[in-house]
Amino acid sequence: MLIPKKVKHRKWHKGRARNKRMASDKIELAFGQHGLKALTSSWVSSRQIEAARRVLTRHTRRGGKIWIRIFPDRPVTKKGSEVPMGSGKGAVDHYVSVVKPGTVMFEMDGVTPEQAIEALNLARYKLPCRSRVISKE
């Protein structure tokens, strides 16, 4: 799974949901011919990214090339079960990537268009946000 090697701050504030903002970077295909673009905003965990990556590599039978354009660098904390209120913030549980609408999350190249589109459609089921398969044409 993807986790950062080193972070500036161990625990982050949660922040406020800003669903209306579109992504300003990673909005075009940069590496491959086919990609998966987010339509809604969400937090994508490192486990979900790994699950989608495994679907892509298995469906293409390890052919072609896959680029993962998102990286989980945001820590999410969680307190233990049956812990009383108070006594500070919980320990870091996992890492997520903040995905805004319009972000290209995965790209593929080196396989047939039908195979790439089918693999990306299977990977969509593993992700928490709505997404669309896009192609360079």
Minimum-distance pair of heavy atoms, taken over all atoms of [X] and [Y]:
X      : Y      : answer
Ala52  : Phe106 : CB-CZ, 3.7 Å
Val111 : Ala116 : CG2-CB, 3.7 Å
Thr40  : Cys129 : OG1-CB, 3.4 Å
Pro4   : Val7   : CG-CG1, 3.7 Å

What distance do [X] atom [atom1] and [Y] atom [atom2] have between them, rounded to the nearest 0.5 Å?
X      : Y      : atom1 : atom2 : result
Glu118 : Thr112 : CD    : OG1   : 9.0 Å
Ile66  : Leu120 : CD1   : CG    : 8.5 Å
Ile117 : Ile134 : CD1   : CD1   : 11.0 Å
Ile70  : Leu127 : CD1   : CG    : 7.0 Å
Thr77  : Lys11  : OG1   : NZ    : 6.5 Å

Which side-chain N or O atoms in residues 88-105 pair as donor and acceptor under 3.5 Å with protein atoms at least two apart or in another chain?
| unit_1 | atom_1 | unit_2 | atom_2 | d |
| --- | --- | --- | --- | --- |
| Lys89 | NZ | Trp12 | O | 3.3 |
| Thr103 | OG1 | Lys100 | O | 2.9 |

Inset, instruction - Look at the side-chain heavy atoms of Ile, Leu, Val, Met, Phe, Trp and Tyr, link any pair under 4.5 Å apart, and say whether Leu122 and Leu39 land in one connected group. - result: no
Legend entry - Hydrophobic cluster membership, Leu56 vs Leu36, 4.5 Å side-chain cutoff: yes
Legend entry - Counterpart residues, salt bridge (charged side-chain N to carboxylate O under 4.0 Å, His left out), relative to Glu50 (two or more places apart):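 By the salt bridge (charged side-chain N to carboxylate O under 4.0 Å, His left out) rule, Glu50 matches Arg53.
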Inset, instruction - Would you list the pairs meeting salt bridge (Lys or Arg N to Asp or Glu O under 4.0 Å) in which at least one residue belongs to residues 123-132, sequence neighbours left out? - result: none
Legend entry - salt bridge (Lys or Arg N to Asp or Glu O under 4.0 Å) contacts in which one or both residues fall within residues 66-78, not counting sequence neighbours: Arg69-Glu107
Legend entry - Contacts of Ser135 that satisfy side-chain hydrogen bond (donor to acceptor under 3.5 Å, both in side chains) - sequence neighbours left out: His34
Legend entry - 4.5 Å side-chain heavy-atom contact, Val44 and Pro72: no
Legend entry - Main-chain N/O of Ser45 paired with Gln48 side-chain donor or acceptor, under 3.5 Å: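 Checking the backbone N and O of Ser45 against the side chain of Gln48, a donor-acceptor pair under 3.5 Å is found.
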Inset, instruction - Not counting sequence neighbours, list each pair that qualifies as a ring pair (Phe, Tyr, Trp, His ring centres under 6.0 Å) and has a residue in residues 48-68. - result: Phe31-Trp67
